[in-house]
Amino acid sequence: MGRVSPKGAGFKSCSHLAGFMVAPKPTDELDSVALETGLLKTWSEEEVFENSVQNRADGEPFIFLEGPPTANGKPGIHHVVARTFKDLVCRWKTMEGYFVERKGGWDTHGLPVEIEVQKRLDLMSNEAIEAFGMEEFNKECRDSVWTYEAAWREMTERMAYWCDLDEPYVTLHDNYIESGWWALKQMFEKDLLYRGYKVLPYCPQTGTSYSSHEVALGYKEVEEPSVYIKFKLEDSDASILAWTTTPWTLPGNVGLAVGPDVEYIRVRVTSEPENWDGHGGAEIGEELILAKDLFKEVIRHHCEEVETLLGSDLVGRSYEPLFPGAIERGDSKTAWTVIEADWVTTTDGTGVVHTAVMYGEDDYNLGMEVGLPAQHTVDINGAFLKGTHPALDGRYVKDCDATIIELLHDTGLLYREKMYTHDYPHCWRTGHPLLYYAMDSWFVRMTAVKDRLLEFNSQVEWAPDWVGEGRFGEWLRNVKDWAISRERYWGTPLPVWICTKCEHQHCVGSREELAAMAAEGSPVADDLHRPFVDDTILSCPECNSDMKREPFVMDCWFDSGCASFAQWHHPFGEEGKFENNFPVDYICEGVDQTRGWFYTLLAVSTTVFDSICYKRCLSLGLILDAEGKKMSKSKGNIVDPWDHFNREGADATRWYMVTAGAPWNPLKFDPNGVRETYGKMFLTLWNIHRFHADYAALDGFDPDTSPKGKETPLDKWILSRLNQVIAATHAQFESWDFHKACRGIEDFIVNDVSNWYVRRSRRRLWDEAASEDKLSCQHTLHKILVTVSRLIAPVSPFMADVIHRNLEGESVHLANWPEDGTVDEGIIEAMGLVRELAETGRRIRVDNDRRQRLPCSEGWIVSGPDLSSFHDILAEELNVETISLEKDLDRFQSEVVHPNRRSLGAKCRQDLPAVLAGIADGDSESMLASIEAGNLVIAGYEITAEDIEIRRVERVGFAAETIQSSDGSSVSLVLDMSDTPELLSKGLARDITRRVQAARKDLNLAIEEQIKLEVWTKDAPELFESDLQWIIDETRASNAEFLVGEGSGESFEVDGATVWYSVSAL
RNA sequence: GCGCGAGUAGCUUAGUCGGCUGGAGCACCCGGCUGAUAACCGGGAGGUCGCAGGUUCAAGUCCUGCCUCGCGCACCA
């Protein structure tokens, strides 16, 4: 035999070949971490990222917009997932020839930053912050923002997320803020910005209102007094009963809401109750009104019904205020009357909702709608305002429950009190109950542009589409005005100034405008943050008086919503930059951004530019732990991406994330899955590469100059498969099915290339001479590896590049996306069949108790397509001496008629079972004859050739099996099970060789090393001379002895024979 | 309460227009192959396709209801 494998000393001696430009270099065992970190250095030295972008500067732009993360939190595995999907699309598009710039970004404002600083400096209230000093506080915030920047940069670089981190956009930069101001001014001038109230969960201790997210952190179950209050109607003796769990809101009561279609009942108390808990009560003869459904639950007295009435009958009736003087009527016509509201239900309470405008969202909206007075009875510190009631003024509202109950009891207005258990939001920092409290706020009138939002949304290509139509669409259809201001310190200041005299409002749209409008002697803010802007006094364009800034900062979502233009400092920055990059082609973030960034981008672009902002949006599913639980710090189930970067590497981590499921489905992140991906995909790919590179290096193979050789059917097959994979990958990338594309590639690499093509080609490369066959194999392997590395480069950029560089001499990231070529479907089908037959052969051997190494003299293929070009492969796989075609089917098989249910079902419908039974009972041979003659009728239906399939079933007693192919045809394999002395000898020789090779491996012998071999056989078949020589050649036994009789050393048994063998190095 | 999504072997999953014996991988057991491989091949065991109805000749697939999980929205007067 020829040369074996080029490992060990042999391959070192040829390292001089590495000098060839494109001749592949031999490779080592895979160390993915070293491979990746080493490559990172190369990339940075060669500026591969910059070059990959600039090389396509003439190409059509593909515009990507990076959603800015906050760097005051540690990056986690979910960030790696998002960045993988961002990166892979950008890399793929770049390879397709698009010009894909990627500017990084940082979100740097907002409450989370403030909270971090507050915690660290123990500044748990607004007073504390102001005592500490706003300027100093904001400086702390500004620094805190970058706490984890280094960690982010390391993660970003290590995972190979290519993105310009050196010139990112940063929301705290004055240029960015200025663009935001400009945008807000556009809204202001379109009359889309206004000032109003918003009811928010508010903590008077910290002086902070909370987002719903933070509220969710602090729900606690509490037991509190709830009260039923009698509201005395003015035009009758009756009272309406209303219920509340927040007695402190009662002084603010200005209305009672009823459901217009709800049935109410008016009852008269007829006698005292039998027992009574707590305060309250009613006189005999007193009349009460409440929902009919709740009457039994609420009323504790014996009563008689006076009348039944609908809510609409009550609407407009006036009642006496509980706390006269606490609220001024002003010009309200509806104050202290019954109002209708369709959201009123009879699930609890009395079916009448006590309405305090400033302390409930529904209350506030209703109050605005019908014109109730919007006045506070509680100050910003949570204490009752002066003038509410002498017993309450100045006291913290939550301490007043008992007092209020007593006051109402004393005036006879309390019907009942009842302890009530419910979940109520508490401040997650101080543990105090939150108050729903109407806060002064600025709004963007999103309701005015709802139709445009919906229209633009329909133009966005969403992946998956149901997020766009469903979740996001639903959000837009229910769009509310955007409360855009926050009573905070660290953020983009709201650029609205109000005249202290005439109340004229002015929105500043640039630094220049700020300077031009500054009042004489006023400082002009140099830094656009608080407190500096607060000090800038403008001169009122209407009356020349001083204007003061509204003391708010903006919702930090507004900042990131401006990213598409503020990143370019539009309209003050480089001309054309924005226009050429808007709207963007692609954004990608977690699905939690639906109401966040996905929304604010569209909200801003709609209100400012009357345009969509992004054309395609990939919404990623949540990342869960391996058990499907949400990852959270408290559960301790956070996965640190570095665990994997440092073990399996970033390639495997990224590939796992992409192939584990559809990007929009929740990803159960399983560390074992990464391990599996590494072992299966990357080790295999690496070893294919190693196999090729080692021989190519040894042979001085050069893809450009080495002769092409002669393609074998095996080569043709794998190249057809390759083209198939290229086409499928492309189509699936286009349709966002990255997971399917990558699973397809992985299957190709592992199954087709490694486990079949390379396995079947191994001996082709052992040929020392530059045979046609070897050359073709090398060109084919080269083509496969280069193409595959390009296909996987967007997802796993490291190994792809190492392979590509070794084979092509240049980075894969500068290469073009592969184009597919012709696919020979026939050869693919044929090879599929060959592989199936090889597996079938092994099954036959198991069934017939014949070991694989013992050859069979003959195998027959019965029917099926022409596989003659693969007969050599098949013979080797099956370990048979010859393969023949058998035409005489009847020798091994009989034909059996099988129903085609699809065809028969359409024809026979409900009679199908009868027909099926008829076919099952019938004699196949005669049925076939009848079909041929066109006269087979079963259960009244004529059965034609389309209605059946003919399956071949092997006759009893043959070592054979039949496989059905998808088109209904069948192929059978028959093996000759007879033994001859020649076959027994060959089989035994193979068994011995196998054992000796294992022993060689155990001894760690180099391939070319010779051995001394001794073999003893007992009760064994005779070993022929040719087989003895074969053993000697295969095992490189320059000194071999074969003896009959009992021996010593290692032994094994095979088919009743015992073999001893001894192997030693020479 | 409303909306969206999911539920297939111990785990991860494929399953197209309703049709033929519901496929893979991991892990387990038996056997085999193997000097690129941490792989591979054959066999075994493991499935009430969440539950219950319905449509149909035929349902993992379509319809209805319910259960569980996740996400979002609303509510918590």
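Within every chain, numbering begins at 1; the chains are lettered A, B, ... in the order of the sequence lines, protein sequences first and strands thereafter. Keep in mind that this is a model prediction, so the values were computed, not measured. Values below: all heavy atoms of this structure, side chains included; hydrogens, waters and symmetry mates excluded.
- Separating the C1' atom of B:rA27 from that of B:rG46 is a span of 11 Å, rounded to the nearest Å.
- Across all strands, A:Val758 comes closer than 4.0 Å to base atoms (heavy-atom distances).
- With both ends at atom P, the span from B:rC62 to B:rG7 equals 11 Å, rounded to whole Å.
- When the P atom of B:rA77 is taken as reference, atom OH of A:Tyr228 falls 13 Å away, rounded to whole Å.
- Using a 4.0 Å heavy-atom criterion, one finds that A:Gly349 contacts no nucleic acid atom at all.
- Atom name C1', nucleotides B:rG15 and B:rU21: the rounded distance is 15 Å, in whole Å.
- For A:Phe669 and A:Tyr656, the gap between ring centers is short of 6.0 Å.
- Rounded to a whole angstrom, the distance from the P atom of B:rC29 to that of B:rG22 is 27 Å.
- Side-chain N/O atoms of A:Lys668 include one lying less than 4.0 angstrom from OP1 or OP2 on B:rU12.
- Every residue meeting the side chain to side chain contact (heavy atoms under 4.5 Å, CB included) condition with A:Pro225, not counting sequence neighbours, appears here in chain and number order: A:Asp401, A:Ile405, A:Met419.
- A:Glu876 meets the salt bridge (Lys or Arg N to Asp or Glu O under 4.0 Å) test with A:Arg760; sequence neighbours excluded.
- Distance noted for atom C1' between B:rG23 and B:rC49: 13 Å (whole Å).
- Pairs of residues two or more places apart, or lying in two chains, that qualify as side-chain hydrogen bond (donor to acceptor under 3.5 Å, both in side chains) and include a residue from residues 903-914 of chain A are A:Ser903-A:Asp947, A:Lys907-A:Asp947, A:Asp911-A:Tyr941.
- Per the geometry, CG belonging to A:Leu685 stands 17 Å off P belonging to B:rA36, to the nearest Å.
- In this structure, A:Asn665 and A:Ala906 both approach RNA chain B, and ranking their closest nucleotides by distance from the 5' end singles out A:Asn665.
- Within the model, atoms CZ of A:Phe738 and CD of A:Gln732 stand 11.0 Å from one another, a figure rounded to the nearest 0.5 Å.
- Proximity of residues 469-480 of chain A to RNA chain B (heavy atom under 4.0 angstrom from any strand atom) is restricted to A:Arg471, A:Glu474.
- Taking 4.0 Å as the cut-off between side-chain N and carboxylate O, A:Glu1034 and A:Arg1000 do not count as a salt-bridged pair.
- Residue side chain A:Thr249 does not reach the base of B:rA77 through any donor-acceptor N/O pair under 3.5 Å, judged by distance alone.
- Separating the P atom of B:rG42 from that of B:rA6 is a span of 33 Å, rounded to the nearest Å.
- In this structure, OG1 in A:Thr350 is found 12.0 Å from CG in A:Asp293, a value given to the nearest 0.5 Å.
- Rounded to a whole Å, the CE atom of A:Met681 is 14 Å from the C1' atom of B:rU37.
- Residue-level contact check: A:Ala660 touches the backbone only, with heavy atoms under 4.0 Å from sugar-phosphate atoms and none from bases.
- In this view, A:Arg843 and A:Glu961 satisfy the side-chain hydrogen bond (donor to acceptor under 3.5 Å, both in side chains) rule, not counting sequence neighbours.
- Remark: A:Arg764 engages A:Asp715, A:Asp773 in a salt bridge (Lys or Arg N to Asp or Glu O under 4.0 Å) (not counting sequence neighbours).
- Stem list for RNA chain B (at least 3 consecutive Watson-Crick or G-U pairs, distances under 3.5 Å): B:1-7 with B:67-73, B:10-13 with B:23-26, B:28-32 with B:40-44, B:50-54 with B:62-66.
- The side-chain hydrogen bond (donor to acceptor under 3.5 Å, both in side chains) search around A:Asp991 returns A:Arg851, A:Arg853, not counting sequence neighbours.
- The 5' end of RNA chain B is approached more closely, in terms of each residue's nearest nucleotide, by A:Asn687 than by the other of A:Pro913 and A:Asn687.
- Straight-line distance between the C1' atoms of B:rG35 and B:rG31: roughly 22 Å, to the nearest whole Å.
- If you check every strand for non-hydrogen atoms under 4.0 Å, A:Thr245 touches sugar and phosphate atoms only.
- Under the rule for a salt bridge (Lys or Arg N to Asp or Glu O under 4.0 Å), A:Arg477 has no partner lying at least two apart in sequence or in another chain.
- Applying the salt bridge (Lys or Arg N to Asp or Glu O under 4.0 Å) test to every pair with at least one member in residues 738-755 of chain A, sequence neighbours left out, gives these pairs: A:Arg721-A:Asp752, A:Asp752-A:Arg835.
- B:rA77 and B:rG5 have their P atoms separated by 32 Å, with the value rounded to a whole Å.
- Shown here are the side chain to side chain contact (heavy atoms under 4.5 Å, CB included) partners of A:Arg647, two or more places apart in sequence or in another chain: A:His644, A:Arg675.
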Pick out the pairs of N or O atoms, protein on one side and nucleotides 31-34 of chain B on the other, that lie under 3.5 Å.
{"unit_1": "B:rC33", "atom_1": "OP1", "unit_2": "A:Arg853", "atom_2": "NE", "d": "2.9"}
{"unit_1": "B:rC33", "atom_1": "OP1", "unit_2": "A:Arg853", "atom_2": "NH1", "d": "2.8"}
{"unit_1": "B:rC33", "atom_1": "OP1", "unit_2": "A:Arg853", "atom_2": "NH2", "d": "3.4"}
{"unit_1": "B:rC33", "atom_1": "OP2", "unit_2": "A:Arg853", "atom_2": "NH1", "d": "2.7"}
{"unit_1": "B:rC33", "atom_1": "OP2", "unit_2": "A:Arg853", "atom_2": "NH2", "d": "2.3"}
{"unit_1": "B:rU34", "atom_1": "OP1", "unit_2": "A:Arg990", "atom_2": "NH2", "d": "3.1"}
{"unit_1": "B:rU34", "atom_1": "OP2", "unit_2": "A:Arg853", "atom_2": "NE", "d": "3.2"}
{"unit_1": "B:rU34", "atom_1": "O4", "unit_2": "A:Arg994", "atom_2": "NH2", "d": "2.5"}

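- Checking B:rC20, B:rA77, B:rC41 against the side-chain heavy atoms of A:Arg901 singles out B:rC20 as nearest.
- At the heavy-atom level, A:Glu676 lies under 4.0 Å from the strands shown only through sugar-phosphate atoms.
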